Protein chains: 2
Amino acid sequence: MPRPATPPLGVLLARTAKTAGQAFDRALAEVGGSQPVWQILIALKTRRHASQRELADAVGIQGATLTHHLNGMETAGLLTRTRDPENRRVHQVELTDYGERTFHRLADAAIAHDKRMRHGFTDDEITTLAALLSRLAENVTQPDP
Amino acid sequence: MPRPATPPLGVLLARTAKTAGQAFDRALAEVGGSQPVWQILIALKTRRHASQRELADAVGIQGATLTHHLNGMETAGLLTRTRDPENRRVHQVELTDYGERTFHRLADAAIAHDKRMRHGFTDDEITTLAALLSRLAENVTQPDP
DNA sequence: TATTGTTATACTCTATAACTATA
DNA sequence: TATAGTTATAGAGTATAACAATA
């Protein structure tokens with residue numbers, strides 16, 4: 001008898017992520033945000049980064065890609081970039097008040113989005129899902145053995 | 001006592017999906033594929049679609065976006081488009097032999113990728129994860145109540 | 001008029017390579 | 001020379017709007 005088609009996890013994950021990602025995009029767009037901007041804001045609020053390179057790593061993008069987003073965010077008035085007097089090669093990125101307010105606005109949208117996604121899930125299920133996703137990410141991140 | 005910070009599921013999912021998606025991209029690229037092409041091939045192999053519109057829906061993209069990919073796939077020799085004699089507005093999309101072979105090549109890569117992702121997971125865990133992801137996607141797909 | 005699909009155009013995210021400025 | 005960051009350029013994926021063909 002044919003084995004019940006093991007659901008291709010990659011396909012399922014890709015599909016779920018796409019659906020959820022698009023919904024998240026819409027949620028953020030409604031309050032004037034986007035996923036990269038949100039990720040960068042989180043990284044900036046979470047902890048101080050020694051350099052933009054480090055910030056780019058935290059967000060998971062290349063330096064040039066980060067520059068691209070920082071340009072947009074600076075133009076939008078979310079942040080300022082100033083050279084570090086100690087080492088003028090390094091640029092210090094700082095959120096403006098407007099950047100702070102934007103962070104909170106996006107955070108509210110993200111929380112609402114999360115709440116919607118969690119609907120009908122128990123705390124245990126959330127914990128399980130989070131743990132499984134983390135392990136899955138590790139499997140894919142680790143250099144092949 | 002402070003509740004242990006509930007991990008923002010959206011962020012975790014987005015991050016995992018990005019990581020896994022990029023890894024999947026690389027795996028498919030190594031054999032000359034991409035995620036949209038792979039999704040379209042799956043949709044074509046899985047069942048007959050009445051129209052490109054239906055095919056686009058199955059893949060989760062707009063009609064014009066599908067046309068864009070079909071153009072590339074036709075140029076690459078993966079498929080042919082011919083008008084349905086019954087209703088000449090409708091285009092019949094059919095895989096060529098090369099398209100079939102490409103499907104199998106990408107399938108092998110996708111299976112290998114899946115195997116890698118599943119590493120260390122029990123069957124039960126996979127089942128659980130798949131079920132949770134499905135429910136999560138539903139929450140996000142359903143029009144707000 | 002309605003439906004199916006294509007073309008034209010543009011936007012976002014991403015990347016690599018070459019460059020500038022500092023050290 | 002090496003490091004931090006930017007600029008220039010390009011490519012992939014997606015979308016909307018206008019259009020052509022067919023019914």
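Every chain is numbered from 1, with letters handed out A, B, ... down the list of sequences. Everything numeric here is computed off the predicted structure, so don't read it as measured data.
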Can you list, by residue number, the residues of residues 33-53 of chain A that have a non-hydrogen atom closer than 4.0 angstrom to DNA chain C? S34(A), P36(A)
Sorted by number, residues from residues 98-110 of chain A placing a heavy atom under 4.0 Å from DNA chain C are none
So do [Y] and [X] actually touch side chain to side chain, heavy atoms under 4.5 Å?
X       : Y       : value
H49(B)  : D57(B)  : no
L95(A)  : T102(A) : no
L133(B) : L129(A) : yes
I40(A)  : L78(A)  : no
H69(B)  : I61(B)  : yes
F121(B) : L9(A)   : no

Using a 3.5 Å distance criterion without hydrogens, assess whether the side chain of [X] forms a donor-acceptor pair with backbone atoms of [Y].
X       : Y       : result
R81(A)  : E74(A)  : no
Q35(A)  : G21(A)  : yes
D84(B)  : Q92(B)  : no
R135(B) : G120(A) : yes

Give the rounded distance in Å between these two atoms: [atom1] of [X] and [atom2] of [N].
X      : N       : atom1 : atom2 : value
H68(A) : dT9(D)  : NE2   : P     : 16 Å
D57(A) : dA4(D)  : CG    : P     : 11 Å
I61(B) : dG13(D) : CD1   : C1'   : 9 Å

For nucleotides 16-23 of chain D, read 5' to 3', which letter fits each nucleotide if B means a protein heavy atom sits under 4.0 Å from the base, S means only the sugar-phosphate is that close, and - means neither? BB---SBS
Could you tell me from which nucleotide to which nucleotide of DNA chain C, 5' to 3', there is an atom under 4.0 Å from chain A heavy atoms? dC13(C) to dA23(C)
According to a strict under-4.0 Å criterion, is N71(A) in side-chain N/O contact with OP1 or OP2 of dG5(D)? no
If you take any heavy atom closer than 4.0 Å to DNA chain D, which residues from residues 16-25 of chain B end up in contact? none
K45(A) atom NZ, over 12 foreign heavy atoms within 6.0 Å: yes
E125(A)/R118(A) ion pair, N-O < 4.0 Å: no
Using the rule that two of Ile, Leu, Val, Met, Phe, Trp, Tyr join whenever any of their side-chain heavy atoms come within less than 4.5 Å, decide whether V93(A) and L106(A) are in one cluster. yes
Residues passing the ring-ring contact (aromatic ring centres under 6.0 Å, His included) test with H113(A), sequence neighbours excluded, are F24(A)
Exercise: identify the closest heavy-atom pair between A56(B) and L66(B): N-CD2, 3.7 Å
